[in-house]
Amino acid sequence: DFQLTQSPSFLSAVVGDRVTITCRASQDIRNYLAWYQQKPGKAPKVLIYAASILQRGVPSRFSGSGSGTEFTLTITSLQPEDSAIYYCQQLDSYPITFGQGTRLEIK
Amino acid sequence: QVQLEESGGGVVQPGRSLRLSCAASGFTFTSYSMYWVRQAPGEGLDWVAVVSYDGRRKYYAESVKGRFTISRDDLKNTHYLEMNDLRVEDTAVYFCARGVMAPTLDGFDIWGQGTMVTVSS
């Protein structure tokens with residue numbers, strides 16, 4: 001199984017900041033990686049797929065990069081509505097796996 | 001509009017069964033593979049099962065293999081998760097999601113709102 005490890009687990013930032021979340025895979029997953037945002041009581045929402053492609057309708061302050069075993073999600077110019085939990089997901093093979101999540105707090 | 005709607009959740013005793021449904025609308029159901037993902041209270045996302053667009057391939061998480069069965073009815077634009085021999089650790093919100101078979105560059109782009117399954121004596 002491909003394990004995904006996210007860091008940090010918790011992040012606190014202010015409006016206007018730039019933050020980066022890292023996702024490390026236990027094996028090479030090429031660029032078969034997606035990023036999701038989940039708000040309390042809601043279903044996850046895909047932000048990025050293929051490691052770096054922005055899902056239609058997602059603000060351009062979100063960006064993704066990486067390939068192989070190391071990936072990053074960057075949010076620039078943080079907004080209050082970005083407060084959420086962020087997950088990475090590998091789609092290289094089954095079982096599909098998710099990172100443990102990064103909780104982003106906007107102070 | 002494009003949407004998925006789960007139903008069938010509830011409270012059930014350990015060892016009993018439950019069937020979840022996920023009704024799709026607004027898109028060509030037979031073009032997509034369909035997934036179940038669950039989330040235990042306060043925990044992260046946990047992939048459960050997938051059925052391919054043509055129903056021929058099915059894969060399961062090790063934790064549910066032999067107890068859960070995924071299926072689809074293309075005439076009803078609905079897919080199902082039959083859960084048998086339920087355990088306390090199966091307690092979670094169950095989401096259905098639209099995707100394609102791995103390996104894929106595409107994420108799960110449409111999700112249902114989730115249905116709660118509580119396994120308790």
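Both A/Leu33 and A/Phe2 belong to a common hydrophobic cluster when Ile, Leu, Val, Met, Phe, Trp and Tyr are linked at side-chain heavy-atom distances under 4.5 angstrom.
For A/Gln90, no part lies near chain B; criterion is any non-hydrogen pair under 4.5 Å. Using a 4.5 Å cut-off between heavy atoms, A/Ala34 contacts chain B through its side chain alone, with no backbone atom that close. Only the side chain of A/Tyr87 comes within contact range of chain B, judged by heavy atoms closer than 4.5 Å. Heavy atoms of A/Arg30 lying under 4.5 Å from chain B belong exclusively to its side chain. If you measure heavy-atom distances from B/Tyr35 to chain A, the contacts under 4.5 Å come from the side chain alone.
A distance of 9.0 Å separates OH of A/Tyr49 from CG of B/Leu105, quoted to the nearest 0.5 Å. A/Ile96 CD1 to B/Leu45 CG: the interatomic distance, rounded to the nearest 0.5 Å, is 12.5 Å.
Closest of all the heavy-atom pairs between B/Phe108 and A/Tyr36 is N-OH, 2.7 Å. Of all the heavy atoms in B/Gly107 and A/Gln89, the pair that sits closest is CA-OE1, 4.4 Å. For B/Trp47 against A/Phe98, the heavy-atom pair with the smallest separation is N-CE1, 4.0 Å. Between B/Trp111 and A/Ala43 the shortest heavy-atom distance is CB-CB, 3.7 Å. Nearest approach of A/Lys42 to B/Phe95, heavy atoms of both residues: O-CZ, 4.1 Å.
Annotation: A/Lys39, atom NZ; neighbour count of heavy atoms from other residues, nucleotides and ligands within 6.0 Å is above 12. Within a 6.0 Å radius of CD in B/Glu89, more than 12 heavy atoms belonging to other residues, nucleotides or ligands are found. Heavy atoms of other residues, nucleotides or ligands lying less than 6.0 angstrom from CZ of A/Arg61 number more than 12.
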